[in-house]
Amino acid sequence: MFNKFKPFLIILISLISLFVIVILGAGTDMIILNPKGPVGEIQKDLIMLSIYYMLAIMIVVLSFFTFIVIKYRKGKNGDYQPNMHGSNKLEIIWTLIPVAIVIALSIPNTQALYELKEAPKATAHKEPIVIHATAVDWKWVFSYPEENVETVNYVNVPTGHPVLFKISAADSMASFWVPELGGQIYGMPGMMNEMYLQADHDGVYDGRNSNFTGEGMAQQKFDFVAMSDDEYNAWVKDAQENEPKLTKEQYEKLLLPGSSDKMTFSSTHLEYVDHGKMGSADYAMKVREKYGVKEKSKHGESDQEMDHDMDHSDMDHSDMDHSDMDHSDMDMDSSDSHEHAH
Amino acid sequence: MFDFIKDNLILNDPLILGANVSIAFTVVAVVAVLTYFKKWKWLWTEWITSVDHKKIGIMYIIAALLMLFRGGVDALLMRAQLTVPDNDFLSSQHYNEIFTTHGTIMILFMAMPFLIGLMNVAVPLQIGARDVAFPYLNNLSFWAFMIGAMIFNISFVFGGSPDAGWTNYAPLAVEGSSGPGINYYLMGLQISGIGTLLTGINFVVTIIKMRAPGMTLLRMPMFTWTTLITAFIIVFAFPILTVTLALMTFDRLFGSHFFTLAGGGNSMLWANLFWLWGHPEVYIVVLPAFGIFSEIIATFSRKTLFGYKSMIISLVAISGLSFVVWVHHFFTMGGTAAVNSVFSITTMAIAIPTGIKIFNWLGTLYKGRIEVTTPMLWSLAFIPTFLIGGVTGVMLGMAAADFQYHNNYFLVAHFHYTLIAGVVFACFAGLIYWYPKMFGLKMNERIGRWAFWFFTIGFNVCFLPQFILGFAGMPRRVYTYGAEDGWTALNVVSTIGGFAMGVAFLIFVYNVYYSYRFEKRETTGDAWGGRTLEWATTTAVPPHYNFSKLPEVTGVDTFWYSKQDGHALKIDEKPEVEYKPIHMPSNSGTPFIMSIFFFIAGFGLVFEIWWMAILGGIGTVGCMAYRSMTSSKQDEGYYVTVEEIKELENPTNREA
């Protein structure tokens with residue numbers, strides 16, 4: 001098979017591959033480049049700006065490259081200057097051009113960095129809603145300290161309203177990310193990071209943890225639900241009145257590793273602990289010790305000992321109707337019966 | 001003891017069971033072959049105890065190729081798992097172990113040893129030296145690396161692999177991962193890291209002190225320059241890794257609280273320390289690659305390297321910048337806008353010296369007489385591909401935009417574009433380029449082209465879609481995704497590309513065999529019409545003393561110009577030359593034995609078997625003491641007699 005070597009075949013295969021990738025790429029929903037809120041908008045503008053610059057650089061370099069490689073191939077009659085060892089003028093030019101580009105990109109980048117630290121300009125007059133987002137292995141807990149509501153694995157916000165997320169984690173370092181709206185930022189135990197997000201259109205946006213936190217990381221997702229002010233206020237009122245309070249025991253069970261259904265409570269865990277405060281970093285560890293939960297085990301026979309393992313069947317992303325959920329029947333130990341698949 | 005083995009040997013996973021069986025067969029086969037052909041003594045005297053830099057280099061490269069295979073299989077398993085949504089080919093835990101070992105192996109046990117292997121082969125020859133400054137230490141470096149790599153690799157059949165990512169972030173790696181996996185990571189990296197640090201010291205001293213007469217710093221070949229700078233980075237960066245790994249070892253084994261959640265530990269400290277080493281590490285593998293490309297592009301353009309001095313200045317600039325950008329690995333850790341701006345700018349600034357280098361390579365090609373051999377093909381392909389890696393790096397360097405790319409497939413695509421186009425291309429290019437020097441024959445060009453095209457097309461098919469997947473919001477390190485995410489089609493394409501790269505590797509290995517069987521032996525020592533001193537040695541495979549008479553250097557590319565003037569530096573063209581006896585260092589078995597004790601200690605610590613750890617520790621210290629007491633004797637070395645030199649330099653004996 002190695003006897004015939006056909007360059008046109010290579011070119012053909014390359015072009016076909018490129019064509020397929022471009023077609024598939026065009027058909028892919030590049031949500032980061034199609035943001036649904038002002039934060040993502042800032043980031044998209046910056047990304048597009050950098051893409052234009054980078055395309056320009058690539059076109060220039062690749063043209064030079066192609067021209068030179070074709071023209072000066074052995075056997076062609078390009079003039080051959082074996083002892084040409086440099087040119088101060090040229091070298092200075094191609095030092096200064098990238099310097100200029102770096103400066104040209106640094107300025108909007110720095111501006112954007114400062115802008116992202118504050119509420120979006122267009123809605124800056126509105127008081128932002130404060131929501132604590134806490135990553136736990138492998139779920140997201142959202143606390144509304146002002147409304148005194150807590151949710152798990154989904155967060156409801158009013159559309160067109162700035163939301164200030166205060167992000168931390170109970171155990172592993174996680175990352176809070178809603179690609180269509182903007183992001184992301186790390187949640188770390190004992191520390192508090194802040195990030196503004198805002199959705200300009202009603203809808204359900206996928207949010208997730210994008211930093212590696214171990215076994216259940218791929219399922220550590222949440223729904224970011226943007227709704228009208230009226231709907232939002234109704235939901236808050238409903239939750240305050242009809243949802244159960246979050247007992248300390250229930251919260252402690254939430255802190256054990258494992259996935260979880262969506263849940264709603266009419267009080268927050270902040271009365272027990274604020275994971276973003278220094279000194280509370282080991283709170284979840286102490287809880288796990290109390291319940292005798294060992295961290296996940298490895299290959300080998302100790303697999304059977306695992307109590308709080310992941311359970312993929314618990315995750316129901318299609319269920320968007322939160323009012324249907326029966327929270328009284330919340331069973332934190334449901335995952336016990338599931339086997340660990342290796 | 002039996003229970004211990006039974007408990008830890010992984011038998012409940014069919015994939016790993018298969019690996020167990022194949023490893024067992026391979027070991028039995030290797031032992032049988034060595035015994036049957038009575039090669040044990042040969043192995044011991046010619047290879048294991050050898051202090052010859054070329055042989056150590058070859059051993060490094062063989063180890064690196066094995067690790068490329070292992071890391072490549074890991075990669076293909078991951079690609080297989082991600083091809084279709086909701087795949088259950090691999091479990092989450094298994095996937096986590098695989099991407100962790102893939103990353104660690106490819107960076108630390110493949111890229112770095114491959115390049116260190118090429119440095120070992122080429123650098124002493126390029127500077128006209130007879131060996132490295134500390135040959136005994138060089139052997140110890142190799143064995144420490146090898147033992148570290150072995151400890152790390154055993155994990156996947158015995159006890160369970162590390163599963164916290166190659167960055168091994170605390171607290172996941174301290175409190176979130178039980179079992180021996182992370183201990184394997186800590187011990188494997190620690191022991192091989194000692195080897196790397198010793199190599200760094202060795203090459204700094206070698207290049208500073210052992211250059212041939214007349215070779216000033218500004219006459220050194222570019223690969224030697226990059227090696228020197230890399231060695232300096234190693235010397236500055238690796239102690240950080242050593243200390244960081246030691247701190248986590250204390251956390252995991254002895255209950256200290258450096259990176260824990262409990263007891264006031266600071267887990268973010270790990271991320272800082274890791275990347276304070278980890279970012280320079282990226283340049284430890286990329287800079288020598290730049291050096292290799294510089295050599296090859298100059299050789300096959302038949303031109304002097306364009307902008308020699310600005311190449312060196314940019315090299316030094318990159319090495320300096322590499323230490324002040326580590327925060328870009330956690331732009332999203334909540335730093336202030338000012339902090340992120342500063343690190344954005346330093347990160348993007350790396351594009352400036354890198355850009356200078358790219359243009360200088362273009363300048364080298366310009367008005368040359370370009371000969372497209374396989375090493376040159378790899379080097380030419382490097383320029384456009386690495387360019388994509390470079391410009392996406394600038395995009396990632398913009399912190400405000402990085403908030404969106406961080407931890408998604410855009411990032412994955414970016415670093416594969418830099419590390420594969422930069423480093424792996426260089427490894428292949430360098431190996432093929434110096435192959436005649438190492439083994440006395442060229443690799444087959446035709447098969448080499450097949451391997452090349454399979455690899456480069458496969459590579460782009462694999463990683464181009466991942467940029468788009470990043471924009472489509474696919475996070476890295478997830479073991480599965482849903483069909484509704486819309487990532488399926490591009491993942492299928494990506495997997496096809498990945499497997500094409502696997503095929504390329506097989507073709508490459510076949511080429512080694514084919515070339516050994518059928519390729520013409522190379523006798524001149526100057527297989528490619530080279531420019532630098534390694535091509536001035538008389539034989540294709542240089543004798544252990546390298547140069548029968550040390551060359552005199554009068555400028556950059558002395559060898560090339562002396563050929564142009566019609567008188568090569570080769571000694572055999574002046575038969576009247578008078579040889580003098582050459583002093584060479586003796587072989588030594590102590591480094592190997594010491595590394596065995598490293599292994600015992602490391603393995604004991606992984607499983608907290610204290611008697612074993614203490615035994616290994618005592619053995620290691622014992623070997624050091626033994627070496628201290630006998631070094632004066634061992635360092636006496638021996639003399640190669642004039643008769644022997646004449647014998648070896650005789651052209652009729654040159655057939656390799």
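A note on names: the letters A, B, ... follow the listed sequences, proteins ahead of strands, and every chain is numbered from 1.
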A:Tyr80/A:Lys74 under side chain to side chain contact (heavy atoms under 4.5 Å, CB included): CA gap, chis, key distance, verdict: CA-CA 10 Å; A:Tyr80 176 47; A:Lys74 195 186 174 188; over 6 Å; no
Among [options], which has the most heavy-atom pairs under 4.5 Å with chain B?
options	result
A:Ile185, A:Asp29, A:Ile101, A:Asn88	A:Ile185
A:Leu105, A:Val20, A:Leu116	A:Leu105
A:Met30, A:Gln184, A:Gln43	A:Gln184
A:Lys286, A:Met195, A:Met84, A:Glu194	A:Met84
A:Tyr72, A:Phe65, A:Tyr186	A:Tyr72
A:Ser175, A:Gly40, A:Gly182, A:Ser210	A:Ser210

Give, as side chain, backbone, both or neither, the part of [X] having an atom under 4.5 angstrom from any heavy atom of chain A.
X	value
B:Val461	both
B:Ala338	both
B:Thr336	backbone
B:Asp557	neither
B:Pro171	side chain
B:Leu362	both
B:Ile352	both
B:Thr167	neither
B:Ile496	neither

Between B:Phe359 and A:Phe64, how do the two ring planes meet: parallel, tilted or perpendicular, split at 30° and 60°? perpendicular
Using the ring of each side chain (for Trp, its six-membered ring), is B:Tyr95 parallel, tilted or perpendicular to B:Tyr479, with breaks at 30° and 60°? tilted
Side-chain donor or acceptor of B:Asn511 paired with backbone N/O of B:Asn444 under 3.5 Å
yes
So does B:Leu261 get a backbone contact from the side chain of B:Glu175, meaning a donor-acceptor N/O pair under 3.5 Å? yes
**Prompt:** Can a donor-acceptor pair be found between the side chains of B:Asn360 and B:Ser310 at a distance below 3.5 Å?
**Reply:** yes
Nearest heavy-atom approach of A:Ser168 to A:Gly276 is OG-N, 3.5 Å
Correct closest heavy-atom pair for B:Pro475 and B:Trp487 would be CD-CH2, 3.7 Å
(request) Might you work through the ring pair (Phe, Tyr, Trp, His ring centres under 6.0 Å) test for B:Phe99 and A:Phe212, ending with a clear yes or no? (result) CA-CA 11 Å; B:Phe99 76 65; A:Phe212 182 61; 4.9 Å; yes
With only heavy atoms counted, which part of [X] is less than 4.5 Å from chain B, the side chain, the backbone, both or neither?
X	result
A:Thr28	side chain
A:Asn211	both
A:Asn209	neither
A:Met192	neither
A:Trp94	both
A:Thr66	neither
A:Gln81	both
A:Asn109	both

Using a 4.5 angstrom heavy-atom cutoff, name the option from [options] with the most pairs to chain A.
options	value
B:Arg476, B:Lys367, B:Lys303	B:Lys367
B:Asn266, B:Val342, B:Leu380	B:Leu380
B:Ile468, B:Asn407, B:Val391, B:Val478	B:Asn407
B:Phe403, B:Phe331, B:Tyr169	B:Phe403
B:Asn408, B:Val372, B:Leu11	B:Asn408

What do you reckon, is [atom1] of [X] surrounded by more than 12 foreign heavy atoms closer than 6.0 Å?
X	atom1	result
B:Arg302	CZ	yes
A:His85	NE2	no
B:Tyr366	OH	no

(message) So B:Glu371 and B:Met376, do their side chains get closer than 4.5 Å, heavy atoms only?
(response) no
Side-chain heavy atoms of A:Trp138 within contact of A:Asp171, under 4.5 Å:
no
Throw together a table of side-chain donor-acceptor distances under 3.5 angstrom for residues 47-60 of chain A, partners on residues two or more places apart or in other chains.
from, atom 1, to, atom 2, distance (Å)
A:Ser50, OG, A:Leu46, O, 3.4
A:Ser50, OG, A:Ile47, O, 2.7

Per side-chain contact (heavy atoms from CB on, under 4.5 Å), A:Ser14 is matched among A:Ile10, A:Ile11, A:Ile16, A:Leu12 by A:Ile10
